[in-house]
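First comes the structure, then the notes that go with it.
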Amino acid sequence: MRIAMFSTKSYDQEYFEKYSEIYNHSFSFFETALNKNTANLTLGFDAVCVFVNDKIDKDTIEIISKNGINLIAMRCAGYNNVDIKAAKSNNIKIVRVPAYSPEAVAEHSVALILTLNRKTHKAYNRVREGNFSLKNLIGFNLYKKTVGVIGVGQIGTAFCRILKGFGCRIIAFDISKSEELINLGVEYLPLNEVFKQSDILSLHCPLTPKTKHIVNRQSLSLMKKGVMIINTSRGGLINTADVITNLTNQKIGYLGIDVYEQEENLFFEDLSESIIQDDLILKLNSFPNVLITSHQAFFTKEAMDKITITTLENFNAFEKKQTLKNEVK
Ligand code: NAD
């Protein structure tokens, strides 16, 4: 198959080329994201391969459909950036990589917690400058703290397993319950109780109309003063303006995010020599208790291998007209 790869970086090319001898497809790597303005680049290809910030809305889908595309392969788990209805009505199938490494994302969430809490990022800079003072570096024990998890699917479950090892009490809200987690000692509680009781709140549910802005002014009003909020799922789960208000009035004690509502204009790019035109991220960056990473939670060698192989297998299954086990319906 001839595949147009969008939003690619050198590491995407490296991983797809690593497996190109085994899988017989041809790739063109575009750095640009797929959206209605770039959709015409798909002329002459059979399929597109996209990532988290490509905007595959109705307009984009109509253009790529006219160009003969009948498969959209997501190199990720989430698919909130695709208009599924429009794809269906244009006879375009969507496939994804449902579980490439839940541990990669769960471990990054824990990295955010530990860094924010024990301030190793600040200590590193201090010591390198010859400043060996401990002033303002005080943290807290994770042992016996209550960690609330919203959405305990594959990543949430991996996260719970790790936090159990720290001796935390884990409370969770999900629309379905898992026997494995109950056996692990996770307590399922109503959503408002999770907001009220958590010392640390970590979001691991998908972004859907129901979960959009699940952290907002109202849910923040229920939380403990000094709560730590971690989001490695999708930026739209958090109402950024409400979070900024609650950082300013010190209701939120710590914020660690790997995703951001308006990340498509910023993340994955080196903008260090640019004037950033996003007041909310500039404000977030001004708080000493906020840690932002640029959607890197997935980024481990193991996850990149799995993403690449699963995506290539999705292409093979489509080409051979086999059942698409990773189809988004
Ligand atoms: P999953 O489908 O295994 O788990 C999602 C869980 O959320 C399920 O248990 C589901 O029942 C639950 N859920 C759905 N709607 C809910 C609601 N309204 N309230 C509470 N729970 C709800 O998915 P996963 O593999 O664990 O991934 C979770 C999310 O993580 C993805 O949707 C994606 O947005 C994000 N993600 C981020 C990165 C990253 O690099 N930062 C990488 C991969 C995935």
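Whatever order the structure lists ligands and atoms in, that order sets their numbers, starting from 1. Computed from heavy atoms alone, side chains included, the values below leave out hydrogens, waters and symmetry copies.
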- Query: Can any side-chain N or O of Lys119 pair as donor or acceptor with the backbone N or O of Ile138 at less than 3.5 Å?
  - Reply: yes
Which option out of [options] puts a heavy atom nearest to [atom]?
| atom | options | result |
| --- | --- | --- |
| atom 39 (C) of ligand 1 | Arg96, His295, Lys210 | His295 |
| atom 12 (C) of ligand 1 | Leu191, Asp258, Asp174, Val105 | Asp174 |
| atom 24 (P) of ligand 1 | Val259, Thr157, Ile307, Ile155 | Ile155 |

Pair [X]-[Y], side-chain donor/acceptor within less than 3.5 Å:
| X | Y | result |
| --- | --- | --- |
| Asn239 | Arg217 | no |
| Asp305 | Tyr19 | yes |
| Glu263 | Asn53 | yes |

Close approach, [X] and ligand 1, non-hydrogen under 4.0 angstrom:
| X | answer |
| --- | --- |
| Tyr100 | yes |
| Ser233 | yes |
| Val152 | yes |

Polar-atom distance check: [X] versus ligand 1, any N or O pair below 3.5 Å?
| X | value |
| --- | --- |
| Gln154 | yes |
| Ala77 | no |
| Gln296 | no |
| Cys205 | no |

- Query: Parallel, tilted or perpendicular for His204 and Phe159, by the 30°/60° rule?
  - Reply: tilted
- Task: Name the orientation class of the two ring planes belonging to Phe51 and His295 (parallel below 30°, tilted from 30 to 60°, perpendicular beyond 60°).
- Result: tilted
- Indicate the atoms forming the closest heavy-atom contact of His25 with Phe315, along with that distance. NE2-CB, 3.6 Å
- Task: Please name the pair of heavy atoms, one in Thr240 and one in Glu261, separated by the smallest distance, quoted to 0.1 Å.
- Result: OG1-OE1, 2.7 Å
Nearest protein heavy-atom contact for [atom]: which residue, which atom, what distance?
| atom | result |
| --- | --- |
| atom 7 (O) of ligand 1 | Pro206 CD, 3.3 Å |
| atom 36 (N) of ligand 1 | Arg234 NH1, 3.8 Å |
| atom 15 (N) of ligand 1 | Ile175 CD1, 3.5 Å |
| atom 41 (N) of ligand 1 | Thr232 O, 2.8 Å |

- Message: A quick test of your reading: do over 12 heavy atoms of other residues, nucleotides or ligands sit less than 6.0 Å from OH of Tyr11?
- Response: yes
- So with a 6.0 Å cut-off around CD of Gln250, is the heavy-atom count from everything else above 12? no
Distance under 4.0 Å to a non-hydrogen atom of [X]: what atoms of ligand 1 satisfy this?
| X | value |
| --- | --- |
| Thr211 | 17 (C), 18 (N) |
| Phe298 | 40 (O) |
| His204 | 5 (C), 28 (C) |

